[in-house]
Amino acid sequence: MYAVLEQNPASRSDCCIRSLSWKGAVPASEKDKTHVRKRCVSEGWLASGNAKGIIGTTFTTSHCKKTTNSPTRTNFNLRGHNSEVVLVCWNEPFQKLATCDVDGIIFVWIKYEGRWSIELVNDRACQVSDFAWSHDGRTALICYKDGFVLVGSVAGQRYWSSMLQLDGRLTCGTWTPDDKQVILGTNSGQVMIMDIHGAIVLQSMLCEDREIRKIMWSVEKFRMINVIEEESDEKPERRRKKSNVAKRRSSKKHPAIMAVDIGNGDIQLMKSHDDITPILIRTGMKDTVMEWSKCGLFLAVGGVLEQNENNYVHFYNVYGRLRFSLDVNSQHPLSALTWGHDDKRIFVACGPLLHVAWVEKQIAPLQILCREVVVSIMKEEKAVSSLTLPGRLKNFVSERYYNTVKGCIPEPCKLREFISQPPPNNQRLHCTMVKTGEETSNSNPCYTLFLEYLGGLVPLLKGRRISKLCTEFVIYDPKAQNDVKLNNDEQGCLNDNKSVSNSCFQVSDDTKHVNTNGNMAEDNYDNLFIDNLPQVSIAMTLSM
């Protein structure tokens, strides 16, 4: 097994990302259906919930070519929660999105005619400990911390509910692989099994004095049919060969394995709830999050390693053996992860940063390892053309520079060019205007135009209304303050140890650095989300 991080410093939000969930795109033949059975694994949507209560749905693709047709709108920022969003969960068969905040309010979102709206609301005024869709997408399980359990339909009909009398607090819940029972876990190490009618089948002690933080089965989240696009660059013979290999592997089905997170970095792998010989995995990490791959053969466990306080993602097989360890270099602790694109990608959130790793589940071919060496040396994609390699190999190396998370976001030093030119590929950029200054008798209020991206807001332009009768605004040049600071620096007015500018386009010399691929440093993009646009030079007057 092999995994490597994608170099894309622009994949970030303006606050901590608390939860992630990915779903495949709907093929054209399924778009008019209310219940879909097929999905495209090469394209999809990544949902993220952050600390500001915003849900971001962003288009992703594993196509490694520039001619890929992206949708006209690649990002949606969904607003409705008034507190931190701690859970997002796609329902692929019905194309719905469930979100939950720290106050226990649950929203079910649905997309209609290109716009997202809230279809269902559930509010018990109690915190939610877990939420899970059944594998056919028709039923939802909601677990509350006070011991209340609710099972309802995807349309909002309540099937049954029960207030459990537990010794501890209800912490998690999940469906069995056949959707006939639900398994609940508590902070005292107990598990409870209930049938589809709400009757208690079994209650036993799984691990005494240990909190059961999460329970997951090594089965596919939803029973869907993967669709491989016809525009694949591979030859038909190679595609047929891969299809036959996949069929042979799928015929050798492994029994479902239940992974139980019991805290302190320990995870148990069990064949069933009454397995007397579970496999214990000691990850050595704290604040762990885990998720099974779609194929059910690999368990990804992410967290902060206690030895060196670095973020890692460990990949284990069904026997508990460590197959690969991925170092996620970030100053923020790891907060969420999810698989995507038929297990070819894994998305890892560390605070506001979103990392994307390319995954090779089998032994990595020598060609891929050689490509990683070349990419680590080459600073830019255009330098690949200077290599003395065949055209096919040059294209293979260039694929490594393509980003999985799509979206049009400005570079920190090119904001003026970004707002002066139309976006590429006829993309539609959706923005939000926020009032940033109070209106007084001497001055009119200021407004800032923000670009929506990954649930965050990127400041683009700042303006001031100049007339109370007409909607006329003075739009300020976003790079004016930067130019003034640079001129002062050339005259020696600034010390060497001070920042060249406090705007979002420059960083101090102490924090400026370049990564191995020659991309801009993370610190540059951190300042991109800070609203410190200048108000010193007038660029235009806009009448609306």
Side-chain angles (χ1 to χ4, degrees), residues 1-6 20-25 27 38-47 58-64 89-90 92-93 135 177 216-229 232 234 238-239 241-257 259 267 269 289-302 312-326 328 334 336-349 354-365 368-369 372 399-400 402-405:
M1 190 176 186
Y2 182 73
V4 62
L5 289 176
E6 180 182 284
L20 294 173
S21 181
W22 184 88
K23 79 172 186 70
K38 298 180 181 179
R39 63 180 167 200
C40 297
V41 295
S42 58
E43 296 179 354
W45 292 85
L46 178 68
T58 308
F59 179 74
T60 64
T61 176
S62 59
H63 282 306
C64 296
C89 186
W90 282 111
E92 288 196 69
H135 298 91
M216 300 191 72
W217 286 93
S218 62
V219 293
E220 194 172 0
K221 291 182 180 179
F222 300 99
R223 303 184 185 102
M224 305 283 288
I225 300 174
N226 293 338
V227 177
I228 307 298
E229 289 72 7
S232 176
E234 297 178 345
R238 189 175 181 183
R239 290 204 302 267
K241 184 178 179 180
K242 280 189 173 182
S243 178
N244 294 333
V245 172
K247 289 180 180 179
R248 289 196 299 268
R249 289 174 181 169
S250 62
S251 62
K252 302 178 181 178
K253 292 185 178 180
H254 293 271
I257 302 297
I267 295 175
L269 301 183
V289 291
M290 66 177 184
E291 184 173 308
W292 284 102
S293 61
K294 187 185 73 66
C295 64
L297 298 179
F298 301 98
L299 178 66
V301 183
Y312 281 89
V313 177
H314 291 172
F315 298 89
Y316 299 92
N317 60 11
V318 294
Y319 305 106
R321 301 190 184 98
L322 180 63
R323 295 295 306 276
F324 191 80
S325 182
L326 177 65
V328 184
L334 192 146
L337 63 82
T338 187
W339 293 82
H341 296 288
D342 198 22
D343 299 339
K344 295 181 180 178
R345 301 287 190 274
I346 186 168
F347 302 93
V348 182
L354 178 65
H355 301 275
V356 183
W358 296 33
V359 180
E360 187 74 23
K361 292 186 290 186
Q362 305 302 320
I363 298 177
I368 291 181
L369 299 179
E372 295 304 319
E399 290 176 356
R400 188 60 180 80
Y402 299 159
N403 296 326
T404 302
V405 179

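The model shown is predicted, which means the values in this text are computed figures rather than measured ones. These values consider heavy atoms only, across backbone and side chains, with no hydrogens, waters or symmetry-generated copies.
- Here the CZ-NZ distance, from Phe298 to Lys361, works out to 7.0 Å after rounding to the nearest 0.5 Å.
- The shortest non-hydrogen separation linking Met1 to Phe324 is O-CD1, 3.5 Å.
- Aromatic ring orientation, His314 versus Tyr312: tilted (interplanar angle from 30° to 60°).
- Contacts of Trp45 classified as side chain to side chain donor-acceptor pair (under 3.5 Å), with partners at least two apart in sequence or in another chain: none.
- In terms of modelled atom types and a separation under 3.5 Å, the side chain of Asp343 and the main chain of Cys295 share a donor-acceptor contact.
- Summarising the geometry, atom CD1 belonging to Ile363 is positioned 12.0 Å from atom CD1 belonging to Ile368; distances are rounded to the nearest 0.5 Å.
- The shortest heavy-atom contact between Leu5 and His355 is CD2-CB, 4.1 Å.
- No side-chain heavy atom of Thr404 sits under 4.5 Å from any side-chain heavy atom of Leu46.
- Of all the heavy atoms in Lys221 and Glu291, the pair that sits closest is NZ-OE2, 3.1 Å.
- Side-chain N or O atoms of Trp217 include none that pairs as donor or acceptor with a backbone N or O of Pro177 at under 3.5 Å.
- Distance check, rounded to the nearest 0.5 Å: CG of Leu269 to OH of Tyr316 gives 10.0 Å.
- A donor-acceptor distance shorter than 3.5 angstrom exists from the side chain of Asn317 to the backbone of Tyr319, with no hydrogens or angles considered.
- Glu372 places no side-chain N or O within 3.5 Å of a backbone atom of Val4 that could act as its donor or acceptor partner.
- To the nearest 0.5 Å, the span separating NZ on Lys344 from CH2 on Trp358 amounts to 10.5 Å.
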Run the side-chain contact (heavy atoms from CB on, under 4.5 Å) check on Thr58 and Leu354 step by step: do they pass?
CA-CA 12 Å; Thr58 308; Leu354 178 65; over 6 Å; no
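- Thr61 places a side-chain N or O within donor-acceptor distance of the main-chain N or O of Ser42, the cut-off being under 3.5 Å.
- Using cut-offs of 30° and 60° on the angle between ring planes, the pair Trp22 and His341 is tilted.
- By the 30° and 60° cut-offs, the orientation of the rings of Phe315 relative to Trp339 is perpendicular.
- Across all their heavy atoms, Phe347 and Gly340 have their closest contact at CE1-CA, 4.1 Å.
- The distance from the CD atom of Glu92 to the NZ atom of Lys38 is 15.0 Å, given to the nearest 0.5 Å.
- Here Glu360 pairs with nothing under the side chain to side chain donor-acceptor pair (under 3.5 Å) rule; sequence neighbours left out.
- Nearest heavy-atom pair, Ser218 versus Ile257, reported as atom, atom and distance to 0.1 Å: OG-N, 2.7 Å.
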Run the side-chain contact (heavy atoms from CB on, under 4.5 Å) check on Leu334 and Val313 step by step: do they pass?
CA-CA 9 Å; Leu334 192 146; Val313 177; 3.9 Å; yes
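- Across all their heavy atoms, Asn403 and Glu6 have their closest contact at CA-OE2, 3.4 Å.
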